[in-house]
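Shown next, in C-alpha cells, is the structure this report addresses.
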Amino acid sequence: MKCSIPKGTRDFLPAEMARRNYIFDTIREVFKTFAFEPIETPSLENLSTLMGKYGEEGDKLLFKVLNSGNFMENVDFSQDYHKVAPKICERGLRYDLTVPFARFVVQHRDQLTLPFRRYQLQPVWRADRPQKGRYREFYQCDADMIGSTSLLNELELVQMIDAVFAKLDVAVTVKINNRNVLAGLADHIGAPDKLVDITVAIDKLDKIGLDNVRAELSERGLTNEQISALDPVFALSGSANEKLEQLAALFANNEMGTKGVNELKELFGYIDLVKPKCQVELDLTLARGLNYYTGAIFEVKAQGVSIGSICGGGRYDNLTGIFGMPDISGVGISFGADRIYDVLTELDKFPANLGQPARALFINFGSESLPYAISCAAKLRGENISTLIYPDNAKMKKQMDYANKCHVPFVFFVGENEIAAQTLTVKNMATGEQCTVTINEVVALLKA
RNA sequence: GUGGGCGUAGUUCAGCUGGUUAGAGCGCCAGAUUGUGGAUCUGGAGGUCGUGGGUUCGAGCCCCACCUCCCACCCCA
C-alpha cells in the first residue's frame, strides 16, 4: 500500500521541529513577557459557532465534518447542498483562533477577570488550495486582550510584534489602518453599503495599481463620481501624522471617519513614544478581509520576502455579542508560524545549533564495559546533559559515523583501560581533540 | 472554486524523432590488519518510470481521466 497525507498537510522531521519550536518558543516568551496567559480550545467547533464569521469566502473554506452515525436519516438530499450541508455536518475544524476565543470568553465569563489577556498556539485549518506559504493545516500564534477599549492595547500589540521579529532577526514592516476610516471613506463618497467592495479593491492597490483598482471598483458597482471622490485619499502624502491631518480635514463632517482618524492619531502618538525597531506605517489601503474587525487593523510583512503577511490582527468590538455577551471589545494579533518558518528559511536566519539531539555519545564496547558506560551516562543525564549510549556493539566506524550524522559534539570511549583507571576518554568531534579525564571534569566540560 | 506547469532509484536529475536487459551524481550497504568519524579507493543492493485506462507490432516518451506537488487568480497566516 502506498501511503500519503492529505493535500496541504505536512509531516515535520526532527530538524524541522527544532526550527519550528525555536519560533514557537520565541513568540511564547514575548507573550509571557506582556503578561498573557495560555489557553487551548478544541480543534472541532460547532459549525454554528464558525459559520458567518469570516465572510462568504471564509464559509467556503471551512472544513466541515460529517456527522457520525446515519447522517442520511431525515435529510432531504434533493435540495441544494447549501441547505443539506448544515444538516449532515454539525461540526467543523476551526478556521482561526479568534472566533473560538470569543466563544470561550462568553462560555467561561464567570471564571475570567476582565480585561483578560490570553495567548494560544494551535493549528487551524482552511480548505484552501495549497500554494507557497499557504497550507491547509497551519499554526497560528494568537495574543488577544478582551474587555478594554484602550488604545494602549493596540500599542502593546505593536510592541510585541516588534519584540518577536527583533528576536528572530527579521526586518518587518507593520502596516496599520482603521476600519472606521474605511467606513468613513465609504460614507464620504456616498456608498456606505459598499464598504466591503471598496476595501477589497483598495487593498490591492500596491499589487495591481491604481487604474486596475478603479476598474475593479467600477465592476463592483461604484459610479465614476464615487470612484473619483476617492482620489484625495490616494493623493495623501507625507508621514503618518501628516496624512492623518489631511484626512481629518476631509472628514470634517464625518463622524465615523473622524473617530477612526482620532484613534489612529492616538495610536501613532504612543508608537512615537516607544520608538520601535521595526518600520511602522499608516497604510490606508490595508483592508483585511475578516469582516469582524471594527477598529484598528494590522498586518506585518517581512521585508525582502514575497510571501504575503506573516502576522495580522485588529480590533473587534462585538465578536462576543454574537454569542450573547454584548459590549465587550477585544483586540489581538496572530502570528503565522508556518510563514515565519518560510521567511526564516529564505533569509537563512535560523540559529546554527538547533536540532542537536545529544551532547554526548558513549561508544559501545560490548557487555564487559557496559555497566561502567551506563553509570557514566546516568551521571551526565543527572546533570541535564542529553546523553546517548550506542545501543549495539557495532563497528567503531559505524558508531562514529552515527555520532557525526547526529551532530553529537562529544564522543566517549569507556573500555577496559578507562574502567581500570576510572576515567573517560572524550573526543571533541569538531576539533578532533581527545583527552582522558574524570567524570566530574566531564560534567564541567559539557556544561560549559 | 478558475487557469497553467511538474511527477523517472532514498534523493537530485539524465533518458536522443516511441524500438532490445531504464542510466549518473549524492546517499545507503559491505570491504581496505577487529579502541577512533568527517577524505579516498573497491564492490554491491535498490525503479509496478505518480495511478488507472487508451493508441501502437512496440510507450518512460503520444492521448484521456484521476492524484500529488508547484505557480497565478480568488482569498488569506
Side-chain angles (χ1 to χ4, degrees), chain A residues 1-10 23 27 54-62 94-98 121-142 161 196 199-201 203-204 207-208 212 216 286-291 298-302 306-314 332-343 361-366 368-369 373 390 393-419 424-434 436:
Chain A
M1 127 160 214
K2 194 173 178 180
C3 46
S4 65
I5 53 176
K7 180 199 281 228
T9 65
R10 295 153 300 157
I23 294 170
I27 292 172
Y54 308 106
E56 207 177 313
E57 201 65 31
D59 283 354
K60 279 191 213 160
L61 298 181
L62 279 168
R94 73 166 100 80
Y95 178 92
D96 73 355
L97 301 178
T98 308
L121 278 46
Q122 288 193 277
V124 302
W125 293 267
R126 294 183 189 178
D128 214 345
R129 181 171 289 204
Q131 219 182 104
K132 184 153 204 78
R134 175 173 303 189
Y135 309 98
R136 286 186 155 181
E137 178 184 56
F138 61 96
Y139 275 74
Q140 290 195 329
C141 309
D142 277 38
I161 292 167
V196 173
T199 55
V200 169
D203 190 39
K204 297 176 188 165
K207 204 171 180 180
I208 63 176
N212 290 319
E216 182 156 344
L286 172 62
R288 298 191 59 75
L290 262 36
N291 58 11
F298 305 98
E299 186 163 291
V300 181
K301 291 203 167 177
S306 56
I307 198 170
S309 64
I310 53 178
C311 177
I333 45 166
S334 178
F335 290 83
D338 303 78
R339 283 190 178 173
I340 292 172
Y341 182 101
D342 292 341
V343 167
L361 176 125
F362 283 79
I363 296 291
N364 187 321
F365 284 110
E368 306 264 302
S369 55
Y390 197 86
N393 182 12
K395 292 196 173 180
M396 181 67 55
K397 178 178 166 57
K398 194 174 172 104
Q399 298 195 43
M400 294 297 283
D401 254 349
Y402 184 82
N404 241 350
K405 281 176 188 158
C406 297
H407 305 110
V408 181
F410 297 99
V411 168
F412 289 84
F413 303 90
V414 285
E416 48 185 319
N417 302 338
E418 287 81 5
I419 294 170
L424 303 88
T425 296
V426 55
K427 175 163 189 158
N428 180 325
M429 293 298 276
T431 63
E433 289 171 87
Q434 191 167 316
T436 299

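Here is how names work: the chains are called A, B, and so on, in the same order as the sequence lines, proteins then strands, and each is numbered from 1. Heavy-atom basis, side chains included; hydrogens, waters and symmetry copies ignored.
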No-H, no-angle donor-acceptor pair, [X] side chain to [N] base, under 3.5 Å:
X: Glu418(A); N: rG35(B); result: yes
X: Gln399(A); N: rU36(B); result: no
X: Lys427(A); N: rG37(B); result: yes

Side chain of [X] - closest among [options]:
X: Arg339(A); options: rC76(B), rA30(B), rC75(B); result: rC76(B)
X: Thr425(A); options: rG37(B), rC28(B), rU36(B); result: rU36(B)
X: Asn417(A); options: rG35(B), rC75(B), rA77(B); result: rG35(B)

Lys60(A) vs rC74(B): side-chain N/O to OP1/OP2 distance below 4.0 Å |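 Looking at the OP1 and OP2 atoms of rC74(B), neither is under 4.0 Å from any side-chain N or O of Lys60(A).
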
In whole Å, measure the gap between the [atom1] atoms of [N] and [M] for me.
N: rG15(B); M: rG7(B); atom1: P; result: 11 Å
N: rA45(B); M: rA30(B); atom1: P; result: 15 Å
N: rC29(B); M: rA39(B); atom1: P; result: 13 Å
N: rU68(B); M: rC41(B); atom1: C1'; result: 41 Å
N: rU48(B); M: rG43(B); atom1: P; result: 26 Å
N: rC28(B); M: rU11(B); atom1: C1'; result: 11 Å
N: rG37(B); M: rG25(B); atom1: P; result: 25 Å
N: rC75(B); M: rC6(B); atom1: P; result: 28 Å

Whole angstroms only, please: what is the [atom1]-[atom2] distance between [X] and [N]?
X: Ile307(A); N: rC75(B); atom1: CD1; atom2: P; result: 19 Å
X: Phe412(A); N: rG35(B); atom1: CZ; atom2: C1'; result: 16 Å
X: Tyr402(A); N: rC29(B); atom1: OH; atom2: P; result: 13 Å
X: Met400(A); N: rG37(B); atom1: CE; atom2: C1'; result: 4 Å
X: Lys397(A); N: rU40(B); atom1: NZ; atom2: P; result: 11 Å
X: Asp59(A); N: rC75(B); atom1: CG; atom2: C1'; result: 13 Å
X: Asn364(A); N: rU36(B); atom1: CG; atom2: C1'; result: 15 Å
X: Phe365(A); N: rU34(B); atom1: CZ; atom2: P; result: 14 Å

Could you pick out which residue, Lys405(A) or Thr431(A), lies toward the 5' side of RNA chain B when each is mapped onto its nearest nucleotide?
->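 Result of the comparison: Lys405(A).
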
Strictly by Watson-Crick or wobble contacts shorter than 3.5 Å, is anything paired with [N], and which nucleotide is it?
N: rU2(B); value: rA72(B)
N: rC16(B); value: none
N: rC41(B); value: rG31(B)

Sole residue of Leu121(A), Asp96(A), Thr98(A) in side-chain contact (heavy atoms from CB on, under 4.5 Å) with Gln140(A) =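 The passing option is Asp96(A).
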
Taking N or O atoms only and anything under 3.5 Å, show me the protein contacts with nucleotides 69-73 of chain B, one pair per line.
| residue | atom | partner | partner atom | Å |
| --- | --- | --- | --- | --- |
| rC69(B) | OP1 | Gly8(A) | N | 3.2 |
| rC71(B) | OP2 | Lys132(A) | N | 2.4 |
| rA72(B) | OP2 | Gln131(A) | OE1 | 3.1 |

Could you please spell out the steps behind the side chain to side chain contact (heavy atoms under 4.5 Å, CB included) verdict for Arg10(A) and Asp338(A)?
-> CA-CA 11 Å; Arg10(A) 295 153 300 157; Asp338(A) 303 78; 2.5 Å; yes

Pair Phe138(A)-Val124(A), side chain to side chain contact (heavy atoms under 4.5 Å, CB included): steps then yes or no | CA-CA 6 Å; Phe138(A) 61 96; Val124(A) 302; 3.5 Å; yes

Assess the side chains of Glu418(A) and Thr425(A): does a donor N or O sit below 3.5 Å from an acceptor N or O?
->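 There is such a pair between these side chains.
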
Verify the stacking flag for Phe138(A) against rA77(B): centroid separation must be under 5.5 angstrom and the ring planes must differ by under 30 degrees.
->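 Given the distance and angle limits, yes, they stack.
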
Describe the nucleic acid contact of [X] in one word from base, sugar-phosphate, nothing, applying a heavy-atom distance below 4.0 Å.
X: Gly415(A); answer: base
X: Met396(A); answer: sugar-phosphate
X: Cys141(A); answer: nothing
X: Asp401(A); answer: sugar-phosphate

Steps toward side chain to side chain contact (heavy atoms under 4.5 Å, CB included) verdict (Asp142(A), Gln122(A)) = CA-CA 9 Å; Asp142(A) 277 38; Gln122(A) 288 193 277; over 6 Å; no

Can you tell me if Arg339(A) uses its side chain to pair, donor with acceptor, with the backbone of Ile310(A) under 3.5 Å?
->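 No, Arg339(A) side chain to Ile310(A) backbone: no donor-acceptor pair under 3.5 Å.
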
Near Tyr139(A) OH, under 6.0 Å, is it more than 12 heavy atoms from other residues, nucleotides or ligands?
->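 Not more than 12 within 6.0 Å, no.
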
Has Tyr390(A) got more than 12 heavy atoms of other residues, nucleotides or ligands less than 6.0 Å from its OH?
->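 For Tyr390(A), atom OH is crowded (more than 12 foreign heavy atoms under 6.0 Å).
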
The single option from Gln434(A), Glu433(A), Lys427(A) passing side chain to side chain donor-acceptor pair (under 3.5 Å) against Thr431(A) =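 Answer to the side chain to side chain donor-acceptor pair (under 3.5 Å) test with Thr431(A) among Gln434(A), Glu433(A), Lys427(A): Glu433(A).
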
CE/Met429(A) to CG/Leu361(A) distance, rounded to the nearest 0.5 angstrom?
->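 Reported to 0.5 Å precision, the distance equals 8.5 Å.
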
